[in-house]
Amino acid sequence: MTKKDSVLIVGAGLCGSLLALRLGQRGYTVNVYEKRPDLRKVDISAGRSINLAFSDRGIKAMKLVGLEDKVKPLCIPMNGRLLHDLEGNTVLAPYSGRAHEYINSISRGDLNALLLDEAEALSNVTLHFNHKSISIDFENTLAHFYQYETKTETSIEADVIFGTDGAGSSLRKSYYLGKKFLFSFSQDYLTHGYKELSILPAENGGFKTYKNALHIWGREAFMLIALPNLDGSFTVTLFLSYEDGEFNFNNLTTKVKVLDFFEKYFKDALELMPNLIDDFFKNPTSPLGTVKCSPWHYRGNTLLMGDAAHAIVPFYGQGMNASFEDVVEFDKYLDNGKDWETIFKAFEKSRKIDTDAIADLAIDNFHEMKGHVNNSIFREKRKLENILEKQFPNEYSSKYSLVTFNENIGYYEAMTRGRAQDKALLNMIADHNISTSVDMTKEELKKVLEKVKAETEEILEEDRVAKNM
Ligand SMILES: Cc1cc2nc3c(=O)[nH]c(=O)nc-3n(C[C@H](O)[C@H](O)[C@H](O)COP(=O)(O)OP(=O)(O)OC[C@H]3O[C@@H](n4cnc5c(N)ncnc54)[C@H](O)[C@@H]3O)c2cc1C
């Protein structure tokens with residue numbers, strides 16, 4: 001591996017453009033090939049997660065490439081979940097008891113454009129749009145593209161190729177179809193899909209509902225969420241089964257039925273969405289799945305990163321954050337002057353355990369957001385956790401905080417500790433073993449904290465014993 005190595009990146013989405021920028025900053029010669037037109041010139045975002053929850057792991061990546069200040073103006077802070085019940089009553093459930101811990105809503109297009117601008121500004125990075133990778137000859141480090149503008153095929157060689165071409169990765173497909181080595185691959189779809197809708201800005205350009213929250217209408221079997229945009233609108237996403245239940249994507253085929261559904265379950269949202277029917281029938285319904293695979297690399301020639309290596313369902317708001325974190329973690333291995341194969345191996349070995357963990361956590365959160373947020377014991381737990389975080393900011397972090405705001409611990413550690421804490425708290429609250437009263441003195445709260453810690457440690461110890469059996 002030398003600085004003169006030519007690097008080819010397939011896919012200029014969020015991960016690929018950040019990787020191009022970072023490798024460019026490190027002095028590699030980088031060529032990026034993207035299937036779609038340049039999103040800075042053509043509007044291609046419609047119907048595809050227009051905005052995203054952006055949090056501390058993603059921000060850490062922006063710090064790595066010196067973009068923290070440029071990204072801030074693109075962010076709308078969301079301090080908690082604003083839960084909407086069937087009658088339209090709302091309650092704000094903060095994400096953390098620490099005031100400085102919040103997530104942000106950010107436009108996918110704006111963030112991607114910023115990363116592309118910064119990468120393109122480097123003389124050693126070149127972007128090529130309208131190039132679809134058809135397959136990758138990973139043995140000869142050769143990528144085959146179809147060029148939409150000239151309608152021709154072209155093959156490009158490089159010293160190393162990175163596949164950051166998302167959940168349907170062409171590099172991953174080439175590994176799988178090539179049958180040249182033991183490549184494991186799984187793709188699990190949820191029975192639910194999603195459709196994007198919108199709440200348009202108010203006539204005065206302001207927000208029609210509370211701006212600084214992630215709105216959730218959780219209805220057990222399905223849910224609606226909304227995240228704010230800088231122009232005063234909200235991107236609304238309906239998560240619903242394709243075929244189960246009285247209302248599902250397969251049977252919501254008429255205007256009347258869609259209105260019935262929203263009238264019954266999302267009345268207060270419907271009042272803000274006169275454009276519902278247009279959006280509903282114009283925007284696509286898309287599936288949600290988890291992709292796991294290994295190995296992520298072939299020798300020192302090619303490496304998968306981001307969704308191409310580990311696509312997850314969106315319920316923890318971590319897919320992009322995890323893909324950005326890939327770049328941060330990968331970057332650490334570039335300092336020691338080792339060859340690409342050694343770097344790829346070491347990266348995958350330390351990283352996969354964390355991306356597997358966030359994949360599992362994201363499935364857990366699907367159930368939590370749909371239903372548990374409305375469950376009384378769950379709400380008691382969240383209330384107590386917020387008080388503990390507020391009173392003992394250096395001693396307690398909920399599972400959500402560990403995953404979202406603790407960018408210096410891995411997802412696996414966050415998952416293990418967080419799940420044990422959840423189990424401890426839920427058991428103790430159900431058994432009336434601890435109080436959740438908001439009127440506790442600090443001494444009483446301290447006792448609760450000690451009990452939670454002791455119970456959590458006991459569960460972690462049991463887990464360790466079971467794992468070693
Ligand atoms: C509904 C939804 C909501 C989400 N919400 C969040 C959230 O709130 N927070 C969060 O952190 N994550 C969220 N995610 C996940 C996030 O979108 C992904 O994890 C993230 O986009 C991964 O980045 P990536 O660059 O790896 O892949 P992508 O962003 O998919 O980029 C891949 C790029 O490769 C290009 N490409 C694809 N195939 C080829 C080819 N054959 N040749 C050349 N180029 C190709 C694509 O055009 C694209 O530009 C959400 C996802 C969905 C579906």
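All of these numbers come straight from a predicted model, not from anything done at the bench.
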Polar side chain donor-acceptor pair, Glu118 to Ser17, under 3.5 angstrom: no
Identify, with sequence neighbours excluded, every residue that meets ring pair (Phe, Tyr, Trp, His ring centres under 6.0 Å) alongside Phe247. Phe261
Salt bridge flag under 4.0 Å for residues Glu457 and Lys453: no
Just grab all the salt bridge (Lys or Arg N to Asp or Glu O under 4.0 Å) pairs involving residues 435-444, residues at least two apart or on different chains. none
Phe366/Phe239 aromatic ring centres below 6.0 Å: no
Would you list the pairs meeting salt bridge (Lys or Arg N to Asp or Glu O under 4.0 Å) in which at least one residue belongs to residues 90-102, sequence neighbours left out? Arg98-Glu101, Arg98-Glu389
Name all residues meeting the ring pair (Phe, Tyr, Trp, His ring centres under 6.0 Å) criterion together with Phe54; count only those two or more places apart in sequence or in a different chain, and write none if there are none. none
Tell me if the centroids of the rings in Phe183 and Tyr175 come within less than 6.0 Å of each other. yes
Taking NZ in Lys446 as the centre, count heavy atoms belonging to other residues, nucleotides or ligands within less than 6.0 Å. Is the count above 12? yes
Are side-chain N/O atoms of Lys292 and Ser186 paired as donor and acceptor at under 3.5 Å? no
Among pairs that include at least one residue of residues 11-25, which meet salt bridge (Lys or Arg N to Asp or Glu O under 4.0 Å), considering only residues two or more places apart or in two chains? Arg22-Asp331
When the aromatic ring centroids of Tyr102 and Tyr95 are compared, is their separation below 6.0 Å? no
Calculate, to the nearest 0.5 Å, the distance between atoms CD1 and CD1 belonging to Ile434 and Ile429 respectively. 5.0 Å
Could I get the full list of side chain to side chain contact (heavy atoms under 4.5 Å, CB included) partners for Ser350, not counting sequence neighbours? Tyr333
Do Glu246 and Lys264 meet the salt-bridge criterion of a basic N to acidic O distance under 4.0 Å? yes
Check the angle between the aromatic planes of Trp340 and Phe330 and answer parallel, tilted or perpendicular using the 30° and 60° thresholds. parallel
Tyr411: what forms a ring pair (Phe, Tyr, Trp, His ring centres under 6.0 Å) with it, not counting sequence neighbours? none
Closer than 3.5 angstrom, by distance alone: can the side chain of Asn212 be matched with the main-chain N or O of Pro77 as a donor-acceptor pair? yes
Looking only at the side chains, is there a donor atom on one of Gln421 and Tyr396 sitting less than 3.5 Å from an acceptor on the other? yes
Residues in side chain to side chain contact (heavy atoms under 4.5 Å, CB included) with Pro287, at least two apart? Tyr189, Tyr242
For Phe207, all residues meeting ring pair (Phe, Tyr, Trp, His ring centres under 6.0 Å), sequence neighbours excluded: Phe234
Using modelled atom types and a 3.5 Å cut-off, is there a donor and acceptor pairing between side-chain atoms of Arg172 and backbone atoms of Ala308? yes
Which residues pass the salt bridge (charged side-chain N to carboxylate O under 4.0 Å, His left out) test with Asp326, not counting sequence neighbours? Arg351
Does the side chain of Asn248 pick up a donor-acceptor pair with the side chain of Ser241 at under 3.5 Å? no
Verify the distance criterion only: is there a donor paired with an acceptor across the side chains of Ser107 and Asn229 at less than 3.5 Å? no
Verify the neighbour count for atom NZ of Lys72: are there more than 12 heavy atoms of other residues, nucleotides or ligands below 6.0 Å? no
Are any side-chain N or O atoms of Asn112 and backbone N or O atoms of Arg108, one a donor and one an acceptor, separated by less than 3.5 Å? no
Sequence neighbours excluded, which residues qualify as side chain to side chain contact (heavy atoms under 4.5 Å, CB included) partners of Ser323? Cys15, Asp307, His310
Report the residues that fulfil salt bridge (charged side-chain N to carboxylate O under 4.0 Å, His left out) with Lys211, sequence neighbours left out, ordered by chain and then residue number. none
